Amino acid sequence: YIIVSKPLILRHGALTVLAGTCLAGCLLSTPFAFLELPSLASLEQVPASAWMALALLGLFITPFGWAYQNLSLRRFDATLVATFGNAAPILTVIWGMWLFGEVLTPTLLAGGAMTLGRIYWTCRPRRVASPARIVRRELSVRRSGESSEGMPVLPGLTLAKEASSR
C-alpha cells in the first residue's frame with residue numbers, strides 16, 4: 001500500500017489520496033457488509049462504550065494515523081515509512097500495559113526485541129566498501145564467469161571493455 005501510494009501522494013497530495021483510499025475501501029467492503037447484515041437484536045446488545053470506542057477509532061485515530069503516514073511519504077522513502085510503521089505493535093503493547101494493566105510476557109518481550117532489531121537493521125548506516133574489497137569482488141565475479149550484474153561474461157566483450165578503458 002505504501003509503495004503504491006507514494007507516487008499518487010506526490011502527484012495528488014496526501015489528504016486527497018487518503019480520501020480516495022477510504023472511499024475505495026468503503027465501496028469495496030459495502031457488498032460484503034450487506035451479505036453479513038446482522039439482525040438488529042444483536043446490535044442492541046453492544047454497549048454504548050463500544051460504539052464510542054468504534055467512533056473514536058473510525059473518526060479520529062485511523063484517519064489521523066493514515067494522514068500522518070501519507071504526509072511522511074512526501075519527505076521520506078516508502079521503505080523507511082513502512083519500517084517505522086512496524087513499531088505500531090510495540091506501542092500497542094506499551095499502551096495496553098499502561099491503560100489496561102496488561103501483563104508483559106516473555107513472548108511479548110521477544111517479539112518486541114525482534115521488531116526493534118528489524119527496525120534498527122533496516123535503518124542502520126551502510127558501510128562504504130573499501131576499494132580493495134570492490135576489486136576482490138570484481139575478480140571473484142570474473143572467475144565465476146559472470147559480470148557484476150549477474151550476466152554471463154563473454155570473453156570478447158571483457159577484452160573490449162579492458163581495451164576501451166585504457
Side-chain angles (χ1 to χ4, degrees), residues 1-40 42-131 133-134 137-138 141 147-151:
Y1 167 78
I2 291 175
I3 292 172
V4 172
S5 296
K6 175 123 179 150
L8 293 173
I9 289 168
L10 294 175
R11 181 179 297 146
H12 302 291
L15 298 181
T16 305
V17 172
L18 175 61
T21 301
C22 290
L23 180 63
C26 181
L27 292 175
L28 290 172
S29 63
T30 299
F32 297 105
F34 283 117
L35 288 174
E36 295 294 324
L37 195 61
S39 68
L40 293 179
S42 64
L43 292 178
E44 291 173 358
Q45 298 173 0
V46 177
S49 61
W51 288 112
M52 292 299 291
L54 181 64
L56 178 69
L57 182 65
L59 296 174
F60 296 103
I61 295 171
T62 302
F64 280 103
W66 282 356
Y68 286 127
Q69 175 180 297
N70 285 358
L71 288 169
S72 67
L73 282 171
R74 286 182 139 320
R75 300 190 74 186
F76 302 108
D77 187 44
T79 55
L80 186 63
V81 173
T83 299
F84 278 96
N86 290 329
I90 295 172
L91 294 174
T92 303
V93 170
I94 292 169
W95 289 335
M97 290 171 27
W98 176 46
L99 297 172
F100 304 115
E102 296 279 334
V103 178
L104 187 62
T105 63
T107 306
L108 288 174
L109 278 173
M114 286 190 294
T115 302
L116 287 174
R118 186 175 67 227
I119 291 171
Y120 171 76
W121 182 262
T122 305
C123 298
R124 74 189 187 287
R126 302 287 194 261
R127 291 186 315 174
V128 178
S130 67
R133 194 171 180 182
I134 293 171
R137 167 75 179 132
E138 288 297 322
V141 165
S147 70
S148 58
E149 292 85 23
M151 300 294 291

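Quick note: numbers below take in every heavy atom, side chains included, and nothing from hydrogens, waters or symmetry partners. Being a predicted model, the structure only gives us computed values, none of them experimental.
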Discussion item. Using modelled atom types and a 3.5 Å cut-off, is there a donor and acceptor pairing between side-chain atoms of Thr62 and backbone atoms of Gly58?
Written reply: no
Discussion item. Apply side chain to side chain contact (heavy atoms under 4.5 Å, CB included) to residues Thr79 and Thr122 and explain how you reach the verdict.
Written reply: CA-CA 9 Å; Thr79 55; Thr122 305; 5.7 Å; no
Practice prompt. Report the distance from atom CZ of Arg118 to atom CG of Asn86, rounding to the nearest 0.5 Å.
Written response: 4.5 Å
Item to complete: Flag yes if more than 12 heavy atoms outside Leu109 fall under 6.0 Å of its CG atom; otherwise flag no.
Response: yes
Item to complete: Verify the neighbour count for atom OH of Tyr1: are there more than 12 heavy atoms of other residues, nucleotides or ligands below 6.0 Å?
Response: yes
Item to complete: Name all residues meeting the side chain to side chain contact (heavy atoms under 4.5 Å, CB included) criterion together with Pro47; count only those two or more places apart in sequence or in a different chain, and write none if there are none.
Response: Ser49, Ala50
Response to the item:
Interatomic distance, SG@Cys22 vs CG@Leu27, rounded to 0.5 Å, equals 11.0 Å
Worksheet item: If you round to the nearest 0.5 Å, how far is CG of Leu10 from CG of Leu73?
Response: 8.0 Å
Worksheet item: Out of curiosity, Thr92 OG1 to Trp95 CH2, how far, rounded to the nearest 0.5 Å?
Response: 6.5 Å
Practice prompt. State, with a plain yes or no, whether a side-chain heavy atom of Pro89 is found less than 4.5 Å away from one of Val93.
Written response: no
Worksheet entry | Under 3.5 Å donor-acceptor, Lys6 side chain and Phe76 backbone | yes
Fill in: Heavy-atom pair with the smallest gap, counting every atom of Glu102 and Met97
O-CG, 3.5 Å
Worksheet entry | Minimal non-hydrogen separation, Ile90 against Gly112, with atom names | CD1-O, 3.8 Å
Discussion item. Checking side-chain contact (heavy atoms from CB on, under 4.5 Å) between Trp66 and each of Leu15, Leu18, Val17, which is the one that passes?
Written reply: Leu18
Worksheet item: What distance separates Asn70 CG from Ile2 CD1, expressed to the nearest 0.5 Å?
Response: 8.5 Å
